[in-house]
Colleague: 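Here it is, the structure, as structure tokens.
Because the structure is predicted, anything quoted here is derived from the model rather than measured.
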Amino acid sequence: MPGVRLVQRVSSTRTFAKVAPHLIPALDRAVHRLTRGKVLLSAQMLPGIVLTARGARSGLERRTPLACMPEAGAARVRGETGAGEAGGTRGTVDAGGTPDTGGTPDAEGVAGAPESGWILVGSNFGRTGHPAWTANLLAHPDAVISWKGEDIPVTARLLTGEERAAVWRTALAFWPPYATYQARVDREIRLFRIVRRQATVTPDAVDGPPPA
């Protein structure tokens, strides 16, 4: 779409990289708060979350609006798209990094099913240092995301090796400006997969309280 291509060109510029880290998160936080978690301005173009993670050094909660790539159920998507098809789409992706073929960045999951996870890209708009939220997740992988008005406990994992390479290819199809961001810096852009955190089930919760 022409509008999407224009935004991609603008977001690849160095001027945007200087302004966006200060302007976009502030606007996102304000709108997210006013709408009680239902709206992110930046998510009108790309799917987005608000990540709440503990600071790597302070241990205090930090809230960061971020773009994301939602992942649908791997088995269902592979069955519909075929393995290894990149296709240049920007919808949901399966857990192995294969994009869905929906063709739009609506991130609704497959047939309304809950997302199995989300990919976060630590591009920092192509600036030199890793964004602070990536250090926070490395130090404290358990976090919470706000997704479509729902607070979801998650666990984050840094991707490496072939797994990262496969997801990176999908990220470039999802949002091509990531290639420009990577070309500007010597560091390897960090990719995280975040998944819903499993609730801890205690024996008392399963068997009931002990007899009196």
Side-chain angles (χ1 to χ4, degrees), residues 1 3-12 16-17 19-53 61-72 89-95 97 99-100 102-110 112-127 130-134 136-137 143-157 159 167-168 170-178 180-181 189-197:
M1 294 184 295
V4 172
R5 288 195 292 271
L6 176 60
V7 171
Q8 289 176 349
R9 286 198 298 271
V10 171
S11 64
S12 297
F16 183 85
V19 174
H22 307 287
L23 180 62
I24 293 178
L27 290 174
D28 270 339
R29 288 190 190 98
V31 173
H32 189 261
R33 183 172 60 252
L34 290 172
T35 61
R36 298 182 180 181
K38 296 180 180 178
V39 176
L40 276 177
L41 283 181
S42 59
Q44 305 310 303
M45 182 55 62
L46 281 175
I49 62 167
V50 174
L51 172 71
T52 301
E61 287 190 347
R62 306 298 187 190
R63 290 168 56 83
T64 310
L66 297 170
C68 67
M69 291 196 305
E71 295 188 305
T89 61
R90 293 177 293 108
T92 54
V93 296
D94 72 14
D100 187 4
T104 60
D106 57 8
E108 289 294 335
V110 176
E115 292 75 17
S116 65
W118 297 260
I119 297 297
L120 303 182
V121 182
S123 68
N124 206 14
F125 299 98
R127 299 197 299 173
H130 292 291
W133 62 264
T134 65
N136 296 344
L137 289 182
V144 176
I145 64 169
S146 176
W147 169 251
K148 299 181 180 179
E150 179 185 1
D151 290 335
I152 303 172
V154 296
T155 298
R157 180 170 59 85
L159 301 184
V167 172
W168 179 245
T170 303
L172 297 183
F174 184 85
W175 194 245
Y178 287 142
T180 302
Y181 299 157
I189 289 176
R190 291 170 175 167
L191 302 183
F192 287 84
R193 171 171 282 129
I194 58 175
V195 296
R196 295 172 185 262
R197 199 183 328 150

Colleague: Check the orientation of Trp168 and Tyr178. Use parallel for under 30°, tilted for 30 to 60°, and perpendicular for over 60°.
Modeller: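 Ring orientation of Trp168 relative to Tyr178: tilted.
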
Colleague: Within the 4.5 Å heavy-atom criterion, are Cys68 and Trp147 side-chain neighbours or not?
Modeller: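 Heavy-atom side-chain distance check passes, below 4.5 Å.
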
Colleague: Who pairs with Thr134 by side chain to side chain donor-acceptor pair (under 3.5 Å), at least two apart in sequence or on another chain?
Modeller: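 Thr134 satisfies side chain to side chain donor-acceptor pair (under 3.5 Å) with Arg190 only.
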
Colleague: Report the C-alpha distance between Leu120 and Ile49 in whole Å, list the side-chain angles of each, state the deciding distance to 0.1 Å, and finish with yes or no for side chain to side chain contact (heavy atoms under 4.5 Å, CB included).
Modeller: CA-CA 10 Å; Leu120 303 182; Ile49 62 167; 3.6 Å; yes

Colleague: Minimum heavy-atom separation for Asn124 to Pro131, with atom names?
Modeller: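 Reported closest heavy-atom pair: CB-CD, 3.8 Å.
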
Colleague: Among residues at least two apart in sequence or on other chains, which ones pass side chain to side chain contact (heavy atoms under 4.5 Å, CB included) with Ala143?
Modeller: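 Here the qualifying residues are Leu51, Ala53, Leu137, Val154.
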
Colleague: Taking side chain as C-beta onward, heavy atoms only, is Pro47 less than 4.5 Å from Trp118?
Modeller: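 With C-beta onward as the side chain, the pair stays apart.
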
Colleague: Look only at the side chain of Thr155 and the backbone of Arg197, and say whether a donor-acceptor pair between them is shorter than 3.5 Å.
Modeller: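 Looks like no, no N/O pair under 3.5 Å.
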
Colleague: If we only count heavy atoms from C-beta on, is the Asn136 to Thr64 side-chain gap below 4.5 Å?
Modeller: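 Not in contact.
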
Colleague: So do the side chains of Asp151 and Thr52 get within less than 4.5 Å of each other, counting heavy atoms only?
Modeller: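 Side-chain contact under 4.5 Å: no.
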
Colleague: Could you tell me how the ring of Phe192 sits relative to the ring of Trp133: parallel (under 30°), tilted (30 to 60°) or perpendicular (over 60°)?
Modeller: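 Geometry flag for Trp133 against Phe192: tilted rings.
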
